[in-house]
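Quick note: residue numbers are just sequence positions, from 1. Being a predicted model, the structure only gives us computed values, none of them experimental.
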Amino acid sequence: MATAALSRDEFERQLKDKALYYHIHHPFHTAMHTGDCSAEQIRAWVANRFYYQDNIPLKDAAVMANCPDRDIRREWVQRILDHDGRGDDPGGIEAWIYLGEAVGLSRRELLEHRYVLPGVRFAVDAYVNFARRATWQEAVCSSLTEMFAPEIHQRRLDTWPQHYPWIDSSALHYFRKRLGEARRDVEHGLAVTLDYFDTAALQQKALNILQFKLDVLWSLLDAITLAHVYNRPPYHHLNGDG
């Protein structure tokens, strides 16, 4: 017998239960929030996370390229503008560059992705390629990690000024900016997902897609941890370190 589809409420609950796998629980994030990261580790995180930030508009452009629904495109394009900027708003990417400069990185180092680890590049590229090749509804579903983002942004705002006073608090603007944007984005992306994934098979596929995106975010921190906590950067043997 075919498995019955979950109710809309139960499906939403199971999607939100994926918060257990969100990278807020990763040991590296825990260390950041408790003030246990060194300045070098903060810089490494900012530099590597920038590669993800820099690729978000490419991911969102892929969603739009695959979407024949003009109404969806007209709403989704706001995500690109949020990051790339428009008019007097320089956008989220520029805000992240400001953060990078505040922690001791140069604009050029960030834009050249000079310190991006292979594992980070691989994971982010996998996410962008997924968005290009998946249906637009599947790519929308993968964005639902935004459900869990406001908490992680708020935790940075609450803890960084105390633990890392050497970082100008004005450089945390990106996190403040995303508090409202993420909540708005979730409302739209969740509605699309709940409407489209309406059979048991599709609902399970949606849960798997969301887990894939959670795996991407977790993998970024695994790569950073290996290189900057355990001091095993890629090809460390060539530097006489192991």
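To the nearest 0.5 Å, the span separating CG on Leu105 from CG on Leu99 amounts to 8.5 Å. In this structure, NZ on Lys213 lies 3.5 Å from OH on Tyr127, to the nearest 0.5 angstrom. Taken from CD1 in Ile152 to NE2 in His26, the straight-line distance is 11.0 Å, to the nearest 0.5 Å.
Across all non-hydrogen atoms, the minimal contact from His29 to Ile24 is CB-O, 3.9 Å. Nearest approach of Leu144 to Gly189, heavy atoms of both residues: CD2-C, 3.7 Å. Scanning all heavy atoms of the two residues, the minimum distance from Asp54 to Leu58 falls at O-CG, 4.5 Å. Closest of all the heavy-atom pairs between Lys59 and Ser143 is NZ-CB, 4.2 Å. Taking every heavy atom of both residues into account, Leu172 and Trp160 meet most closely at CD2-CE3, 3.7 Å. Nearest heavy atoms, Tyr164 versus Asp36: OH-N, 3.7 Å.
Using a 4.0 Å cut-off between charged side-chain N and carboxylate O, Arg13 and Glu10 make a salt bridge. A salt bridge links Asp195 to Arg8: one of the charged nitrogens lies within less than 4.0 Å of a carboxylate oxygen.
Each of Gln154, His153, His83, Glu146 was scored for a side-chain hydrogen bond (donor to acceptor under 3.5 Å, both in side chains) with Arg178, with one residue passing: Glu146. Checking Leu221, Thr225, Val103, Leu220 one by one against Trp45, the side chain to side chain contact (heavy atoms under 4.5 Å, CB included) holds for a single residue, Leu221.
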Requested in this report: Assess whether side-chain contact (heavy atoms from CB on, under 4.5 Å) is satisfied between Glu94 and Arg107, documenting all intermediate values.
Outcome: CA-CA 10 Å; Glu94 196 63 35; Arg107 182 184 189 89; 2.6 Å; yes
Query raised in the report: What do the steps show when you test His173 against Arg176 for side chain to side chain donor-acceptor pair (under 3.5 Å), and what is the final call?
Result: CA-CA 5 Å; His173 172 67; Arg176 297 186 190 94; 5.1 Å; no
Report task. Evaluate the side-chain contact (heavy atoms from CB on, under 4.5 Å) criterion for residues Leu15 and Phe197: first the C-alpha distance (whole Å), next the side-chain angles of each, then the deciding distance (0.1 Å), finally the verdict. Result -> CA-CA 12 Å; Leu15 288 167; Phe197 295 87; over 6 Å; no
**Report entry** Working for side-chain contact (heavy atoms from CB on, under 4.5 Å), residues Tyr174 and Ile97
**Finding:** CA-CA 10 Å; Tyr174 177 86; Ile97 292 173; over 6 Å; no
Report task. Please test Asn208 against Gln211 for side-chain contact (heavy atoms from CB on, under 4.5 Å), starting from the C-alpha separation and ending with a verdict. Result -> CA-CA 5 Å; Asn208 292 342; Gln211 185 62 56; 5.5 Å; no
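Remark: the backbone N or O of Leu6 is paired with a side-chain donor or acceptor of Gln203 at under 3.5 angstrom. Judged by distance alone, the side chain of Arg79 and the main-chain N or O of Asp185 form a donor-acceptor pair under 3.5 Å.
Trp136 belongs to a hydrophobic cluster whose other members, connected by ILVMFWY side-chain contacts under 4.5 Å either directly or through intermediates, are Val63, Met64, Ile72, Trp76, Val77, Ile80, Val140, Val192.
Residues Ile42 and Ile167 are in side-chain contact: their nearest non-hydrogen atoms beyond the backbone lie under 4.5 Å apart. Counting heavy atoms from C-beta on, the side chains of His228 and Leu117 come closer than 4.5 Å. With contacts defined as side-chain heavy-atom distances shorter than 4.5 Å, the pair Asp168/Tyr98 qualifies. The side-chain heavy atoms of Arg121 and Asn48, taken from C-beta on, include no pair separated by under 4.5 Å.
Here Glu101 pairs with nothing under the salt bridge (Lys or Arg N to Asp or Glu O under 4.0 Å) rule; sequence neighbours left out. The side-chain contact (heavy atoms from CB on, under 4.5 Å) test applied to Thr159 returns His33, Arg155, His163, not counting sequence neighbours.
Hydrophobic clustering of Ile, Leu, Val, Met, Phe, Trp and Tyr side chains at less than 4.5 Å, counting indirect connections, unites Val116 with Val229.
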